[in-house]
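Only this structure's heavy atoms are used, side chains among them; waters, hydrogens and symmetry mates stay out.
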Amino acid sequence: MSDYNKEEIGRIEEKWRKEWVKRGVYKVVPSKKPKYYVLDMFPYPSGAGLHVGHPLGYIASDIVARFKRLKGFNVLHPMGFDAFGLPAEQYAIEHGIHPAKSTGQNIKNFISQMDKIGFCYDWSREVRTCDPTYYKWTQWIFLQIFDSWYNRKKDKADRIETLISIFEGEGNCNHPFPNIKHRLPGSGETLFSALDWKSFDEKSRQEILMQYRLAYLAYTDVNWCEALGTVLANDEVINGVSYRGGFPVVKKQMRQWSLRITEYAERLLKGLEEIDFSDSMKEIQRNWIGKSTGAKIRFKVKSEKSKVDDMVVFTTRPDTIFGVDFMVVAPEHEMVKDIASEAQRGEVEKYLTYVESRSEIDRMAEVKKITGAFTGAYAINPFNRREIPIWISEYVLAGYGTGAIMGVPCSDERDHKFAKHFNLPITNIIGPHYNGKEANPTYDAVLENSDFLNGLVMREAIQVVVNKLEEMGIGRRQVNYKMRDAGWSRQRYWGEPFPVIYRDDMPYAMDEKGLPLELPDSNDFRPSGTGEGPLANLKDWIKIGERERRDSDTMPTHAGAAWYFLRFTDPHNTKEFASREALDYWGQVDVYIGGSEHAVAHLLYARLWVKILHDLGYLGFDEPFKKLINQGKITGDSRFVYRVRGTNKFVSAGLKDQYDTDALHVDVKIVNGLELNLEAFTQWKPDFANAEFILEEGKYICGAAIEKMSKSYFNVVNPDDIIESYGADTLRMYEMFLGPLEQSKPWNTNGIDGVYKFLRKFWNLFHDVKGNFRLSDDEPTRAELKVLHKTLKKIEQDVESFSFNTSVSEFMICVNELTSLKTNKRSILEPLVIGLSSFAPHVTEELWEKLGHKETAFNSTFPQYQEEYLKENSFEYPISINGKVRAKMEFALDMPKEDIEKVVLASGIVNKWSEGKPPKKVIVVQGRIVNIVL
RNA sequence: GCGGAUGUGGCGUAAUUGGCAGCCGCGCCAGACUUAGGAUCUGGUGCCGUAAGGCGUGGGGGUUCGAGUCCCUUCAUCCGCACCA
């Protein structure tokens, strides 16, 4: 009566989709059970909807969630939407549709697509970052960050009020400015006393506090993109052009919000040790943080001007100090204008003009180009009083270290090239390690020409030099990080407004009662063009009174994403961002699944916010994600047709070299394998209605390429289409079967029939040839039990280790074996239904019901496998001697290794071959004699 | 340039972690059935060879009784960072 076919699958899947919602089976609340938190990286709801690549990670997490639930855990498995962002805003500019409206529609579409795949999300916990009830708390957390400073003495964030009382009591002598370059206006000092503090007026005090706040305003160099009319984050700029659109990006100074993430650099780095991320992911984060240990050294400067500041360099190689042949400072360095000599002034100015003229793109494109100019000034080596010429060059970056370096040509590649290019003398301090042709950055050389360091190995000399520098008071150990503070302002409409009010140009936190500060309604999403965002156009909103105004910027999308996993624990709380009880119960995310493209930005900001909230006492943990899995990307498999240039003739791929052709993407839907469906092609686009074809063997063969899945390549495969023809269960299992989760792979449906057949075979175990449900209550045989328990064990191991592709294989083997055993016994099939239910929830739920259960399969328990059925009583072991199988013996399976050795030795087989001498070695592997060495 | 990863049949992949390489699926070959379907079922399928046998996990070398797995070296591909002193 019922066959596992298209119609039946459609009926079953729709039935259970509705039933699960009706019964509310996916709703979770805290309980006495142990918790397990499985999280997906929530998507940005783009207008294009989901393609088959998106659900890969979601399917994996769904399997884990269902499996853990069967194993007795109380599983939190929520989903939400990262709904603020630039695409909706650009769509609004182009089509006049308000971002709120298009975003809402997109979300609706996403949810319907996701529901079809059968995910067990607790939709009652859905969050949207663009919802005021959500971003109220994004703003609130921002204010907590604004109201904090990093107490380096305690190595944690503290409330700003603690800083104020420190200033009132002792000034800032124990807590100098985090940014060492900062000076008090007027005096130019870096330290102030308690008395000074009391003498400062309100604005000065606020400006000082701003230097300490973890969310602060400052004039920063930002990536200004004229074409997009906005500022971009570092990770939105790739090779000097914008990530979206590829428009040029230039530096511009703007007063912006930043997060002082640099204060957390060390903890973000250390934290990596205790969390389970892949090596490459950790490495990318380490790289981004970019810690390097070295020393800061102060050099006296000799120049024509009598009073000049010392120059300070950062180096990781203080041991090479006697090899310094020149100094280089960044062109932007403030000392440049002071030290340039009369004779060199022209050169220097010419060079500065040149640097100014170079765009970011030029600079990146020509990193190898060596340029520079001599300033005419000299630095004095503190140990041997040697006068070292000071140069400027753009290869030294103003933003890293001190913006000045010591040039050691014999041990640094770039310095060496610089010296060669400008014909500067090269001092060899590493003897035979330097060949005169290229620098050698070794640590192992014995130093020469190095005064008191002569004879020391470089590695050891580092400490000796630093100790001496510290003794002399002209240097000290220093750790540097590449990471910069995170720019947190965006000149956009569709984001969280900053919950602050400016008074006398200084921002003050809004009262909590005023939150959320709602995004004002608007029809004008164009940037103001002056660098300010669209909100600046809403003058009435910006201006509050005569002296007060709002911020016209909004937060980046990272803001909402930096804490959404916390909100899921208590999504409807109107009093707090989440209750401490909920946070303590659900705690850290046990498994976080998502793409590696969020390696730096999102994960670092999420980790940062959690650390700050932890420091302020809101959280009991300071790492959000215990384990991270990066699912691979599913790429598209594009097809091409070849049009003979200037004609409407299309030539098959095998013959295209005989013509002058252009390759055009063709919709993968009208290509079967590589063969083009000619009729469908002529109907595809009006241009091709009269197309002519040059065929090979009567067929038109298309070209193929693996590319990103994209609408414009016509290679997008929609999961809905797969579900339409095979059902959601097949889609789920096939995506898992495709290969290891973490590996990127092209989408193809080559093997999907195999998975589909598997589900049908599974179904047929329960049905006779006529499709009638039939089941036997007979006692299972030993062989059947063995198949069952072997499968259960494998599945459990595979799912725990996230190798879902092998799980699917195991199920296939199981069904093949049961089919050939003609098994239709309840005692065997019922546990398998539960075993399979994480992977194929719809068909198993239907079978579960047919098996007579009222309660949903989702609420059952994963069956325990029985070790005894996995074992045989005895086994025939081949006995190899010196690598060749010489004999076979039978042993009890659980016989200890030593006993096996004894039996073999007693048997005389070995003596036969070893002339009575005991063998050198008897190798027993897993209770099995593998080899005997004579 | 630096860092990370990967490399196994015609294809996607597997290998109890050092123990009979190629499980499972696709494809292909042969057969059965048939209401002729791009259906279903059964058997076969790493390569060379009629066979016996030989070869085989990108290449070369090493450790080991034994290597896809460990070590050295080299090549190729992908990803990340890229003048970070």
Side-chain angles (χ1 to χ4, degrees), chain A residues 5 239 278-288 290-292 294-295 313-318 320 327-328 330 363-364 366-370 393-397 399-408 411-415 417-418 441 480-484 596-597 599-600 630 632-633 635 672-673 706 733-734 737-740 742-746 748-758 760-761 764 769 793-794 797 803 805-816 819-820 878 880-885 919-926 928-934:
Chain A
N5 58 28
N239 295 330
S278 69
D279 288 346
S280 68
M281 194 59 42
K282 287 186 180 183
E283 207 49 44
I284 291 170
Q285 292 210 4
R286 283 197 195 102
N287 217 309
W288 183 265
K291 180 180 182 175
S292 56
V313 303
F314 171 72
T315 178
T316 53
R317 300 301 300 272
T320 62
M327 294 286 192
V328 190
R363 225 173 136 157
M364 286 193 174
E366 305 174 314
V367 286
K368 292 270 139 52
K369 195 168 166 185
I370 298 162
S393 173
E394 59 178 347
Y395 88 88
V396 172
L397 307 173
Y400 182 76
T402 59
I405 63 150
M406 47 188 230
V408 185
S411 91
D412 184 280
E413 174 82 37
R414 293 151 305 174
D415 297 347
K417 285 193 174 135
F418 193 80
N480 245 308
Y481 301 93
K482 271 195 266 185
M483 184 169 66
R484 311 293 158 78
S596 54
E597 65 272 21
V600 266
N630 295 114
K633 279 191 204 39
T635 43
N672 181 17
I706 303 301
M733 293 199 80
Y734 183 59
F737 185 65
L738 223 41
E742 307 208 47
Q743 208 167 81
S744 287
K745 51 225 157 196
N748 67 69
T749 49
N750 289 348
I752 199 164
D753 284 332
V755 173
Y756 181 70
K757 272 189 233 170
F758 154 77
R760 183 163 46 211
K761 281 189 201 168
N764 287 341
V769 277
K793 182 174 184 177
K794 280 281 199 180
Q797 284 173 346
S803 39
N805 54 329
T806 52
S807 317
V808 178
S809 292
E810 281 312 317
F811 277 121
M812 289 177 172
I813 294 168
C814 173
V815 164
N816 285 344
T819 303
S820 62
S880 306
I881 297 179
N882 282 355
K884 287 225 161 191
V885 177
K920 277 186 204 147
K921 219 169 167 187
V922 178
I923 299 147
V924 181
V925 176
Q926 286 159 5
R928 173 172 175 171
I929 299 257
V930 170
N931 206 354
I932 294 169
V933 186
L934 300 179

Spacing between A:Ile284 atom CD1 and B:rG4 atom P, to the nearest angstrom: 12 Å
Send over the distance from A:Ile405 CD1 to B:rC83 P, rounded to a whole Å. 13 Å
Out of B:rC83, B:rA85, B:rG80, which has the shortest distance to the side chain of A:Asn287? B:rG80
Proximity to the side chain of A:Glu283 - top-ranked nucleotide from B:rG3, B:rA85, B:rC81: B:rG3
Closest to the A:Met812 side chain: B:rC24, B:rA85, B:rG3? B:rC24
Base, sugar-phosphate alone, or nothing: which one does A:Asn805 contact when heavy atoms must sit under 4.0 Å apart? sugar-phosphate
Who pairs with B:rC65 - Watson-Crick or G-U, where each distance is under 3.5 Å: B:rG19
Reading RNA chain B from 5' onward, which residue's closest nucleotide shows up sooner: A:Ile813 or A:Met483? A:Ile813
For atom CG of A:Asp412 and atom P of B:rG1, their distance in whole Å: 17 Å
Any A:Tyr400 side-chain N or O less than 4.0 Å from OP1/OP2 of B:rA85: yes
With respect to the phosphate group of B:rA85, does any side-chain polar atom (N or O) of A:Ser292 fall under 4.0 Å of OP1 or OP2? yes
Assign B:rU50 to syn or anti; the rule is syn for a glycosidic angle within 90° of 0 and anti otherwise. anti
Could you list all N or O pairs between the protein and nucleotides 7-12 of chain B that sit under 3.5 Å apart?
residue, atom, partner, partner atom, Å
B:rG12, O2', A:Leu738, O, 2.6

Ring-plane angle category for A:Phe314 and A:Tyr400, please: parallel below 30°, perpendicular beyond 60°, tilted otherwise. perpendicular
Give each protein N/O atom lying under 3.5 Å from an N/O atom of nucleotides 38-44 of chain B, with the pair distance.
residue, atom, partner, partner atom, Å
B:rU40, OP1, A:Arg760, NH2, 2.8

Nearest-nucleotide wise, let me know which of A:Lys794 and A:Val808 is further upstream toward the 5' end of RNA chain B. A:Lys794
Gap in Å between the two C1' atoms, one belonging to B:rA5 and one to B:rA51, rounded: 45 Å
B:rA36 and B:rA30, which share atom name P, separated by this distance in whole Å: 22 Å
note: A:Glu742, atom CD; B:rU6, atom P; distance rounded to Å ~ 10 Å
The nucleotide from B:rG4, B:rA85, B:rA14 with an atom nearest the side chain of A:Thr806 is B:rA14
Measure the distance from CZ on A:Phe758 to C1' on B:rG25 and round it to the nearest whole Å. 12 Å
Separation of A:Met281 atom CE from B:rC81 atom P, in whole Å? 11 Å
Distance check, P atoms only: B:rG10 and B:rC78, in whole angstrom units. 22 Å
The side chain to side chain donor-acceptor pair (under 3.5 Å) partners of A:Asp753 (sequence neighbours excluded) come to A:Tyr726
Taking atom C1' in both B:rA67 and B:rG18, what distance in whole Å separates the two? 7 Å
Identify whether the glycosidic angle of B:rG37 places it syn (within 90° of 0) or anti. syn
Could you give the CG-to-P distance, from A:Asp279 to B:rG80, as a whole number of Å? 18 Å
Whole-Å gap separating P (B:rC79) and NZ (A:Lys633): 9 Å
Look at all strands and tell whether A:Pro746 reaches a base, only sugar-phosphate, or nothing, counting heavy atoms closer than 4.0 Å. nothing
